[in-house]
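Written out below as structure tokens is the structure these notes cover.
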Amino acid sequence: MAGYGDHEVSDDPLQILRHSTAHLLAAAVTELYPGVKYAIGPAIKEPPGFYYDFDFGKQVSDAELPAIESRMRRLANADIPYVHEVLPREQAIEEFRKRGQDYKLELIADKVSGDGVSVYRTGDFLDLCLGPHVRSTRDIKAFKLQRISGAYWRGDEKRPQLTRIYGTAWQTQRELDDYLKFLEEAEKRDHKKLGKDLKLFTVDDRVGPGLPLWLPDGATIRRELERFIVDEELMRGYLHVRTPDVARLDLYRQSGHAQLYAEYMYPPMRFEDGEELELRPVNCPHHIVVYQTELRSYRDLPLRIAEIGNNWRYERSGTLAGMNRVRAFALNDAHIFCTPEQLMDEVKGAIDLALYFSKVLGIDEFSYRLSTRDDVKDKWLGTEEQWEEAQAALAEALESMGQTYEVGKGEAAFYGPKIDFQVRDAHRREFTNSTVQVDFQLPQRFELEYVAEDGARKRPVMVHRGAAGSMERLFSYLIERYAGAFPTWLHPTQVVVTPIADAHNEYAQEVAARLRASRVRVEVDRRSERLDRKIRDAKLKKVPYVAVVGGKEVESGHVNAQNRAGEKVDMALESFVEMLTAEIAERRRPPQR
RNA sequence: GCCCACGUAGCUCAGGCGGUAGAGCAUCUCCUUGGUAAGGAGAAGGUCCCCGGUUCGAAUCCGGGCGUGGGCUCCA
């Protein structure tokens with residue numbers, strides 16, 4: 001059941017505690033800032049905590065949080081009960097009007113039906129609220145205010161921007177400390193930090209925001225990922241193509257992107273002769289053109305056209321984040337053209353591929369979201385019947401595979417519903433990686449056809465799918481997933497060979513050459529440093545194997561190698577090569593920490 | 001785009017209530033040739049994000065940009 005602020009009413013004790021802490025925050029704020037208007041303040045699951053939105057009528061900086069927090073503590077110690085009342089509508093309106101709480105009045109007008117208005121009192125603080133709450137402010141012991149940000153009233157950027165204060169609250173100090181420690185650890189795994197430390201990618205003002213550069217080691221990982229992805233797709237009957245990053249703007253007028261996706265598209269390049277070229281925000285129109293290079297027979301279907309294609313989207317500056325949200329990215333994209341009868345199998349096949357990639361890459365934790373349309377008519381193409389059919393197909397595919405999912409109303413693409421694979425970063429923020437979408441619109445707009453068994457021209461259905469997501473977002477995920485300690489097959493440097501002294505350089509080079517001959521990425525550390533130092537540096541770069549060679553190894557033709565866990569093996573060079581190449585070929589994942 | 005914070009050497013950071021800056025690591029040179037996570041010495045390295053303003057003088061104060069981070073909105 002929805003609460004007065006569109007948030008869930010929960011009887012989970014932790015959610016209740018956090019919700020009550022939000023009230024405590026508002027109570028402190030109303031004491032410290034006379035005339036402040038409070039809007040809504042729910043408990044939230046991710047990140048775990050709560051927020052409260054205020055209209056301070058002035059700028060407020062996070063330097064003011066400590067004062068607010070200590071007022072909260074004072075109120076908590078004062079043992080003030082949370083008192084529930086159901087007021088007659090008129091009385092509730094009068095109470096909030098007296099307090100000048102316009103946002104609450106709006107909520108009562110819009111959200112509260114019937115005569116009884118549920119409110120909670122904490123001392124002088126009065127809030128429109130369904131509860132439930134803790135008994136007393138004294139029940140709130142472990143909390144912390146975290147940050148301040150802007151948030152639009154009722155999520156609408158055309159309405160006033162409020163000041164949102166975020167905090168977290170836990171049953172015990174111990175749990176709070178653990179959570180704060182978790183945040184610190186997440187900071188260390190952050191792909192932006194590791195991307196810099198490990199020299200995987202860089203972002204430079206001169207190139208532009210949201211346009212990261214893949215440095216050699218990052219590019220190596222990407223190349224491995226792309227090889228893996230493309231090889232697997234070829235094995236599964238996809239045809240890989242290469243198409244340009246630009247097209248005439250008319251192509252996107254026909255697809256509908258120029259009309260419905262314009263806010264993400266770069267302004268077209270216009271030339272003297274009237275030519276208009278557009279950086280592509282998506283690959284589908286190009287793939288449709290590929291489809292139409294021949295008259296297709298039902299025998300050709302399903303036709304699976306794939307490409308790791310660059311897409312250009314002008315994302316608003318405030319939304320950019322490292323490699324996770326950028327303005328140019330390479331999507332592991334494919335468009336499957338099939339008959340309506342084949343649709344279900346193709347959707348399942350796409351899900352299965354995404355699952356396979358997830359398994360190999362170590363994406364262990366994800367959830368499905370079935371993204372559907374909402375009722376805003378001009379946002380979507382096509383008829384409601386088509387949408388129903390497509391949504392049913394996706395839901396059925398998931399259900400037949402025994403998967404559970406949540407529904408994301410209004411999250412669909414403009415041409416059809418989709419299944420999104422939601423994953424979480426080191427901070428447990430959720431984002432979409434893979435996606436599978438059913439589309440009846442573009443085939444129609446481009447008048448796609450195939451010749452059916454009976455010789456009639458029929459219209460194919462399209463499935464859009466990004467099985468491994470974009471290379472950029474995938475990369476940011478993997479960096480955080482592995483904290484930089486990538487599986488050996490992905491790591492930019494698979495082995496560092498460390499001669500103990502100059503006398504062993506020659507043998508080290510032989511070892512390296514032997515490994516390279518088996519396509520192992522290897523470096524020889526010939527610096528005139530001590531062994532300890534070389535091992536330390538390799539470990540910091542999270543290199544999977546350090547192969548030490550000294551007098552004994554030269555003598556025996558062995559290497560003395562240690563992995564990232566510090567486990568040492570002493571074996572003949574050929575055995576080492578064999579062990580490594582097997583691990584790489586199987587794309588083995590490192591043991592869990 | 002909007003809100004809050006931040007922007008000092010390649011990196012991580014000190015410092016500076018207005019008098020053109022410092023450490024550690026990295027880099028370079030030399031010494032050292034050492035068996036499993038930092039050997040020693042020296043050198044070099046900065047228009048203190050950019051542009052204006054105030055001032056005898058701005059890295060420091062003020063204004064405006066740009067960028068980064070966290071949110072809002074949105075999304076692969």
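Naming convention: chains lettered A, B, ... in sequence-line order (proteins, then strands); numbering from 1 in each chain. The model shown is predicted, which means the values in this text are computed figures rather than measured ones.
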For [X], answer base if it contacts any base atom (sugar-phosphate contacts may also be present), sugar-phosphate if it contacts only those atoms, and nothing otherwise; contact means non-hydrogen atoms under 4.0 Å.
X        : result
A:Asn433 : sugar-phosphate
A:Ala151 : sugar-phosphate
A:Lys568 : base
A:Glu263 : nothing
A:Lys534 : nothing
A:Arg164 : sugar-phosphate
A:Gly466 : nothing

Look at the side chain of A:Asp205 and the base of B:U68, then say whether one donor and one acceptor between them are separated by less than 3.5 Å.
-> no
Side chain of A:Tyr152, base of B:G71: donor and acceptor closer than 3.5 Å?
-> no
Is the NZ or CZ atom of A:Arg327 both under 6.0 Å from the centre of the six-membered ring of A:Tyr314 and within 45° of that ring's axis?
-> yes
Just checking, A:Arg159 and A:Tyr152: is the charged tip under 6.0 Å from the six-membered ring centre and within 45° of the axis?
->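 Judged by the rule, A:Arg159 and A:Tyr152 form no cation-pi pair.
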Ionic contact status for [Y] with [X], cut-off 4.0 Å:
X        : Y        : value
A:Asp532 : A:Arg530 : no
A:Arg428 : A:Glu365 : yes
A:Asp197 : A:Lys541 : no

For [N] versus [M], give the span between their [atom1] atoms, rounded off to a whole number of Å.
N     : M     : atom1 : value
B:G16 : B:C75 : P     : 47 Å
B:G69 : B:U29 : C1'   : 39 Å
B:C49 : B:A9  : P     : 7 Å
B:C48 : B:G22 : C1'   : 12 Å
B:G18 : B:C62 : C1'   : 13 Å
B:A44 : B:G10 : C1'   : 13 Å

Would you tell me if any nitrogen or oxygen in the side chain of [X] comes within less than 4.0 Å of OP1 or OP2 on [N]?
X        : N     : result
A:Arg429 : B:G70 : yes
A:Ser61  : B:A5  : yes
A:Tyr166 : B:C72 : yes
A:Gln146 : B:G70 : no
A:Lys158 : B:G1  : no

Hey, would you say the A:Phe475 and A:Trp214 ring centroids sit under 6.0 Å apart?
-> yes
Contacts to RNA chain B from residues 416-428 of chain A, heavy-atom cutoff under 4.0 Å, which residues?
->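 A:Lys418, in order of number.
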Whichever of A:Ala63 and A:Ser317 has its nearest RNA chain B nucleotide further upstream toward 5' = A:Ser317
On RNA chain B, check which nucleotide each of A:Asp197 and A:Ala413 is closest to and give me the residue with the more 5' one.
-> A:Asp197
The side chain of A:Ile148 lies closest to which of these nucleotides: B:U73, B:G35, B:C4?
-> B:C4
Of all the nucleotides listed (B:C4, B:U36, B:A37), which has the minimum atom distance to the side chain of A:Asp62?
-> B:C4
Please assess A:Asp62 against A:Arg147 for the test salt bridge (Lys or Arg N to Asp or Glu O under 4.0 Å), listing each intermediate value before the final yes or no.
-> CA-CA 6 Å; A:Asp62 60 9; A:Arg147 59 185 164 272; over 6 Å; no
Treating a pair as Watson-Crick (purine N1 to pyrimidine N3 plus N6-O4 or O6-N4) or G-U wobble (N1-O2 and O6-N3) with both distances under 3.5 Å, list the stems of 3 or more consecutive pairs that involve RNA chain B.
-> B:1-7 with B:66-72, B:10-13 with B:22-25, B:27-31 with B:39-43, B:49-53 with B:61-65
Do A:Phe431 and the base of B:A76 stack face to face, with centres under 5.5 Å apart and an angle between planes under 30°?
->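 Ring-base stacking flag not set for A:Phe431 and B:A76.
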